[in-house]
Amino acid sequence: MPHVITQSCCSDGSCVYACPVNCIHPSPDEPGFATAEMLFVDPDACVDCGACVSACPVGAIAPVTKLDESQRVFVELNAAFYPKREGKLPPTSKLAPVLEAPVVHRRPGGPLTVAIVGSGPAAMYAADELLTQDGVRVNVFERLPTPYGLVRAGVAPDHQATKRVTALFDRITRKRGFGFFLNVEVGTHVSHAELTAHHHAVLYAVGAPNDRRLDVEGMGRPGSGTATELVAWINGHPDFARLPVDLSGERVVVIGNGNVALDVARILTTDPEDLARTDVSDRALAALRQSSVREVVIAARRGPSASAFTLPELIGLTATHDVVLSADDHELVRQDLASESDPLTRNKLEVLSTLADAATPVARPRIRLAYQLTPLRLRGAQRVEGVDFAVTGTDEVRRLGAGLVLTSIGYRGKPIRDLPFDDDAAVVPNRGGRVLGAPGAYVAGWIKRGPTGFIGTNKSCAAETVRNLVGDYNAGLLADPSATPGHLDGLIRARQPDVVDAAGWQAIDAAELVRGGEDRPRDKFTEISDMLAAAATVPTPSVGRRLLAGLRR
Ligand SMILES: Cc1cc2nc3c(=O)[nH]c(=O)nc-3n(C[C@H](O)[C@H](O)[C@H](O)COP(=O)(O)OP(=O)(O)OC[C@H]3O[C@@H](n4cnc5c(N)ncnc54)[C@H](O)[C@@H]3O)c2cc1C
Ligand code: SF4
Ligand code: SF4
């Protein structure tokens with residue numbers, strides 16, 4: 001029985017390199033990888049060795065025999081990716097070229113030293129790639145006292161398997177040469193010029209934190225917001241922990257239908273007692289326990305075949321929640337099925353065609369997918385009472401009452417001081433991660449390529465940047481730091497006395513795990529003061545020991 005990849009895949013490609021017979025595709029060197037919704041195991045070629053299972057950081061691969069009922073659909077999905085053929089394939093030699101780790105040419109002036117700004121997936125994969133070689137030093141600067149970006153603050157709390165990638169990131173922080181400067185905002189506590197003075201290169205992996213805004217009347221009124229803010233509130237991000245979220249209305253409308261819209265709808269309609277076993281923020285859990293929400297409508301401007309959510313996420317959602325379509329939307333699905341030729345889109349349409357009719361009564365809160373709706377305005381004088389939509393391409397107006405309206409129409413990077421910015425694409429202009437017109441500056445992740453892809457997509461993205469950075473270092477294009485390495489620690493502490501280092505993060509992490517008790521993976525701190533108090537349980541090393549540690553690193 002072969003192995004299969006299930007929906008919690010985040011496309012980092014580790015399994016591809018572990019597989020001895022090259023039966024997992026598309027691999028990072030194949031054209032379909034960048035746009036793939038997940039990777040697939042070829043059931044005819046798989047020799048069941050299990051190597052991919054241990055390589056996968058999020059536990060997404062299992063032998064067919066170990067799947068639960070809701071995962072069995074992935075057996076067919078994996079097989080359908082491969083053309084039909086006669087008989088079993090013999091094992092092949094490994095075909096996928098392993099991306100070469102860059103070889104750093106040592107210089108007499110000291111080791112290659114890189115500042116990485118941000119600690120999300122792109123930053124951590126870049127650090128990992130750089131630290132594959134002895135002697136390289138990496139200092140990671142993160143504005144929050146807790147690391148890992150959207151893995152901690154974006155990935156939904158009921159997707160704990162996906163969050164398990166943080167165990168890999170924790171291992172990277174323990175590598176020789178790694179340094180954490182948490183609770184330090186680059187641009188506020190330390191400047192680009194100061195980082196450049198202390199490092200050969202500065203690599204920005206700051207993500208794309210801004211939401212794309214919907215420009216219609218009524219946005220901004222109480223009762224309107226963005227899905228990202230809600231996800232950050234649910235996840236206990238300190239900037240959003242006290243967001244006033246009013247769940248007293250029976251209906252929530254989410255405008256936009258990507259995976260984040262699905263995350264929000266799922267959380268708002270999940271039994272809070274199930275969420276109580278996750279790392280959802282305590283404040284959000286209390287609000288969800290009082291919630292009156294009975295229906296979340298996910299409204300899309302275009303038709304079903306243009307659905308932005310991925311097939312694995314749709315399958316995961318329909319396995320656990322009541323998801324319905326109106327009779328009109330069922331008709332749109334039928335029309336799209338009649339003309340759609342792309343196999344992946346057809347798969348989505350087929351799942352949609354099996355959804356219950358919205359007229360069927362359901363006992364628990366439900367999710368309704370709605371299509372061909374263009375938002376015109378949010379209704380309500382003091383606070384939002386609903387949305388008026390135009391049926392896309394017509395003058396017909398559809399009115400939906402709602403107590404909360406959230407937009408989920410994408411993200412935008414924001415400018416970084418001292419670096420160029422492409423306002424249209426909302427990224428830092430770069431070639432292969434080299435910032436154009438700013439020698440010594442590099443980018444990786446969402447600020448480099450825009451807000452697309454999964455956690456693992458940032459691995460190949462970061463690897464490309466690191467290859468170019470090391471290439472520039474080896475070619476003598478990166479000047480040696482002008483400041484003494486040991487002075488960096490003193491500079492940062494002078495500017496931000498509450499800097500948290502790797503030991504401080506370990507103390508926060510340990511305290512959250514203890515607070516979680518036996519029933520929860522962790523109970524997160526949501527106030528910065530509580531995080532700092534937990535970090536302070538680690539005795540501060542003396543100036544001499546800090547200098548020594550900095551030099552050893
Ligand atoms: C709501 C949501 C849910 C998602 N769920 C999933 C999922 O389930 N599975 C999946 O595979 N992918 C998911 N993704 C996509 C995934 O999270 C991204 O691909 C990934 O996080 C992008 O990585 P990044 O490192 O570029 O940015 P981020 O993860 O955003 O990390 C950027 C980091 O930089 C820090 N930073 C910013 N500015 C500064 C500064 N000036 N100084 C210091 N630090 C700074 C930020 O605090 C942050 O920690 C989700 C995305 C969102 C928005
Ligand atoms: S079980 Fe072995 S052969 Fe099968 S996909 Fe995994 S690594 Fe490849
Ligand atoms: S998460 Fe990574 S290692 Fe796991 S199945 Fe997906 S691509 Fe493979």
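Remember, it's 1-based here, ligands and their atoms both numbered in the order they're listed. This structure is a prediction, so every number in the text was calculated from the model and none was measured. Just so it is clear, the values below take in all heavy atoms, side chains as well, and ignore hydrogens, waters and symmetry mates.
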TODO: Would you kindly specify which portion of D12 sits under 4.0 Å from ligand 3, judged on non-hydrogen atoms: side chain, backbone, both or neither?
DONE: both
By number and element, which atoms of ligand 3 are closer than 4.0 Å to a non-hydrogen atom of [X]?
X   : result
L39 : 7 (S)
V58 : 1 (S)
G13 : 2 (Fe), 7 (S)

Aromatic rings [X] and [Y]: how do their planes relate, parallel, tilted or perpendicular, breaks at 30° and 60°?
X    : Y    : result
F141 : F181 : parallel
F180 : Y148 : tilted
F40  : F81  : parallel

TODO: Please state whether V155 comes within less than 4.0 angstrom of ligand 1, counting heavy atoms only.
DONE: yes
- [ ] Examine the side chains of Y204 and H192 and answer whether a donor and an acceptor come within less than 3.5 Å of each other.
- [x] yes
- [ ] Tell me yes or no: between the side chains of S119 and E142, is some donor less than 3.5 Å from an acceptor?
- [x] yes
Ligand-side contact atoms (ligand 1) for residue partner [X], heavy atom cut-off under 4.0 Å:
X    : answer
V184 : 43 (C)
E185 : 41 (N), 42 (N)
G149 : 29 (O), 31 (O), 48 (C), 49 (O)
V231 : 1 (C)
G445 : 26 (O)
V117 : 40 (C), 42 (N), 43 (C)
A205 : 32 (C), 33 (C), 34 (O)

- [ ] Please list, in chain and residue-number order, the protein N/O/S atoms closer than 2.8 Å to atom 6 (Fe) of ligand 2.
- [x] C52 SG
With a 6.0 Å cut-off (strictly less than), is the heavy-atom count around [atom1] of [X], excluding the residue itself, greater than 12?
X    : atom1 : answer
E76  : CD    : no
R495 : CZ    : yes
K66  : NZ    : no

Side chain, backbone, both or neither: [X] near ligand 1, heavy atoms under 4.0 Å:
X    : answer
F141 : backbone
I455 : both
Y148 : neither

TODO: Return a yes/no value: protein heavy atom under 4.0 Å from atom 9 (N) of ligand 1?
DONE: yes
Open item on the list: My question is simple, although I want it checked carefully: is atom 50 (C) of ligand 1 less than 4.0 angstrom from any protein heavy atom?
Closed with: no
Report yes if some N/O of [X] lies less than 3.5 Å from some N/O of ligand 1; otherwise report no.
X    : answer
A122 : yes
G456 : no
R449 : no
W446 : yes
T162 : no

Open item on the list: Under the criterion side chain to side chain donor-acceptor pair (under 3.5 Å), I'd like the reasoning laid out for Y442 against N430: C-alpha separation, chi angles, the key distance, then a yes or no.
Closed with: CA-CA 8 Å; Y442 298 83; N430 70 92; over 6 Å; no
Among [options], which one has a heavy atom closest to [atom]?
atom                    : options          : answer
atom 52 (C) of ligand 1 : V260, L182, I447 : V260
atom 23 (O) of ligand 1 : G120, P121, A156 : P121
atom 40 (C) of ligand 1 : N259, V140, V186 : V186
atom 34 (O) of ligand 1 : A161, G118, A208 : G118
atom 53 (C) of ligand 1 : Y411, Y125, Y204 : Y411

TODO: Look at the side chain of N468 and the backbone N and O of G432, then say whether any donor-acceptor pair between them is shorter than 3.5 Å.
DONE: yes
TODO: For the pair R449 (side chain) and T452 (backbone), establish whether a donor and an acceptor sit closer than 3.5 Å, ignoring hydrogens and angles.
DONE: yes
TODO: For atom 22 (C) of ligand 1, find the nearest protein heavy atom and state the residue, atom name and distance (0.1 Å precision).
DONE: N458 ND2, 3.6 Å
Open item on the list: Give me the nearest non-hydrogen protein atom to atom 35 (C) of ligand 1 as residue plus atom name, then the distance to 0.1 Å.
Closed with: E142 OE1, 3.3 Å
Open item on the list: If you apply the rule ring pair (Phe, Tyr, Trp, His ring centres under 6.0 Å), what do you find for Y411 with W446, and how did you get there?
Closed with: CA-CA 9 Å; Y411 303 90; W446 278 13; 5.6 Å; yes
Task: Contact with ligand 3 for G456, non-hydrogen, under 4.0 angstrom - done: no
[X] with [Y]: basic N within carboxylate O range, under 4.0 Å:
X    : Y    : result
R171 : D128 : no
R520 : E512 : no
D423 : R412 : yes

Open item on the list: D498: which residues meet the salt bridge (Lys or Arg N to Asp or Glu O under 4.0 Å) condition with it, sequence neighbours left out?
Closed with: none
Task: From H3 atom NE2 to C52 atom SG, the distance as rounded to the nearest 0.5 Å - done: 5.0 Å
Task: Derivation of the side chain to side chain donor-acceptor pair (under 3.5 Å) call for H198 and T113 - done: CA-CA 8 Å; H198 285 87; T113 308; over 6 Å; no
